[in-house]
S.K.: 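One structure coming up, written as structure tokens, with questions to follow.
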Amino acid sequence: MSRLNINKTYKLYIGGKFPRTESGRYYPVYNKKGSLIANMCLASRKDFRNAVVAARKAQGSWAGVSALNKGQILYRIAEMLEGRRDQFIEELILQGSTKKEAETEVDLSIDRLVYYAGWSDKYQQFFSTVNPVSSAHFNFTAMEPTGIVSAVAPEQQGLLGLVSVIAPVIVGGNSIVILASEGKALSAISFSEVLNSSDVPGGVVNILTGKKEELIPHIASHMDVNAMIYCGDDQNKIKSIQELASNNVKRTIIYKKSSWNDSNNESPYFIEKTLEAKTTWHPVKV
Amino acid sequence: MLTDLSKIPTYDTLGVQERVERFQKRSIKKSSKTEGLRKILSMIDLTTLEGKDTRGKVEQLCYKAMHPHDALPELPTVAAICVYPSMVGVAKNALKGSSIHVASVATAFPSGQSSLKVKLDDTRFAVNEGADEVDMVISRGKFLSGDYNFVFDEIAAVKEACGKAHLKVILETGELETLDNVRKASEIAIQSGADFIKTSTGKIQPAATLPVTYVMLDTIKDHYLKTGKMIGMKPAGGISTSKLALNYLVMLNEVLGEKWMNKNYFRFGASSLANDVLMQLVKSETGFYQSANYFSKD
């Protein structure tokens, strides 16, 4: 007996919940042969605004989670992803990857999460310094999260690119609102299911699907966002992002790379990009 | 004298919910939204009712009331500052020279569990300190046990103690259980001399809700049609977003009409609503979503 396929409804991931876009709009995603594989939510600026509110709410307590526990949670994401390895490979193939590419991408994504999980209780020692000063002070610099990071994920490598951007941001105690790859958006939303079952507090990672053209001005200009990551090489977009981000002196981080496979895409310096250095002068007895 | 309460209309909860849902579906954009937001700002009773209130906190709030956000020109100020009786003098002094009223809660707020004498003294103290408006609470226990005349007499006595000050009567709808009770309490409050009826103290959950406010507006409307006298309305507690406040305005307009759309007849009891409204106003001015970091604390 034949049965009907049950297709997944791809929704957004905001504040630990899976809402549809408030705008009610959708956009179709096609495979290489041109047949429809899914309708994705076409997120509006209001969805983005709601995601920022959720991210702000979550950030303070996430930053307060101990380094050890943050590492455990990132490792947990890797575990959950490993358990759904086959599903993600299948989904990447559906979106146009070859079997080999898909396997590599999922494996690297899992390994990348484990990599950053390991850095959780180490980056602070790595970047912090004790500074020589000529007065009777103990002068030291420690790293703190920037706050809320908005991001535009790489268009290629819908899973690995997304994971490579998210992991270093959240391990540093930030929360993130990320716009998924437009054409390879399915893996991003499936990845949010992984996040949702990995003890990541709701609101720490928020994933939207939609059009870059429409959302980037808001992602770049929102006054309550403290840093923005843009993955891509569109010079006009980069210019306008930098202009809009200057309104609240948002840190802007641009990644122009087209592949996230190499091991040079893993480094504690990716964590450092969304950290702020705080220097303290502590008086000492002369 | 209290009229026969067995003759007042009753409410179908589901029907009220359906009606209220329709108010939330109106699309208010661009210039009408800006206009609505400015109106909301002018109707706010900026409130601080905490045991830890200090002179400094109240003075800061008064400054905020007079200068909501100086970066935006020609903003209306809020309608009033709402404080405990002991802070009325401080607020009155801080607001000198402005047209902002000082409202004081009284009558053993928030529970109202005290003797009539204490309640009246509380009220007189607030008025003597300079309160322009008094927010009293009704005795919910007496109301729920059916002693309506007691509630009526108590409100009438407080009204008398208020003198020239306006009286807002808090029904504390979160403790009244049913919409019919809300209607009944509204009737009693209006008949015993309330200038405003108010939903909640803000200390009990649920505080103001759209259905409860709808029933109270409906009571005000019936009273107006019967006597021609306009009573004011003040939802308070839990209204912290501009969107929700706009829904309240829509309801006000559709139930009572334009005559009520000003601070003389409608108030929002709120603390964090003001900043949300300001953030929305700046957003519509600049096009950029705002952050609370760039607005003074409320």
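Each chain gets a letter, A, B and so on, in the order its sequence line appears, and its residues count up from 1.
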S.K.: I'd like to know whether CD of Glu35(B) has more than 12 heavy-atom contacts from other residues, nucleotides or ligands below 6.0 angstrom.
M.R.: no
S.K.: In this structure, are over 12 heavy atoms from other groups packed under 6.0 Å from Arg26(B) atom CZ?
M.R.: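 Atom CZ in Arg26(B) is crowded, with more than 12 foreign heavy atoms closer than 6.0 Å.
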S.K.: Mark yes when over 12 heavy atoms from residues, nucleotides or ligands other than Lys211(A) sit less than 6.0 Å from its NZ; otherwise mark no.
M.R.: yes
S.K.: Compare every heavy atom of Tyr289(B) with every heavy atom of Arg49(A), then report the nearest pair and how far apart it is.
M.R.: CD-CE2, 3.5 Å
S.K.: Tell me the closest heavy-atom pair linking Tyr294(B) and Met223(A), and the distance in Å.
M.R.: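 That would be CE1-O, 3.7 Å.
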S.K.: Could you walk me through whether Leu244(A) and Phe288(B) satisfy the side chain to side chain contact (heavy atoms under 4.5 Å, CB included) test, starting with their C-alpha distance in whole Å, then the side-chain angles of each, then the deciding distance to 0.1 Å, before giving a yes or no?
M.R.: CA-CA 9 Å; Leu244(A) 287 169; Phe288(B) 304 142; 3.6 Å; yes
S.K.: So, taking the atom named CE in Met279(B) and the one named CG in Asp224(A), what distance separates them when rounded to the nearest 0.5 Å?
M.R.: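 Output value for this atom pair is 6.5 Å.
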S.K.: Where does Asn247(A) contact chain B at under 4.5 Å (heavy atoms): side chain, backbone, both or neither?
M.R.: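 Looking at Asn247(A), just its side chain touches chain B.
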S.K.: Surrounding NZ of Lys57(A) (heavy atoms of other residues, nucleotides or ligands, distance under 6.0 Å), is the total greater than 12?
M.R.: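 At most 12 heavy atoms, drawn from other residues, nucleotides or ligands, come within 6.0 Å of this atom.
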S.K.: For His222(A), is it the side chain, the backbone, both, or neither that has a heavy atom closer than 4.5 Å to a heavy atom of chain B?
M.R.: both
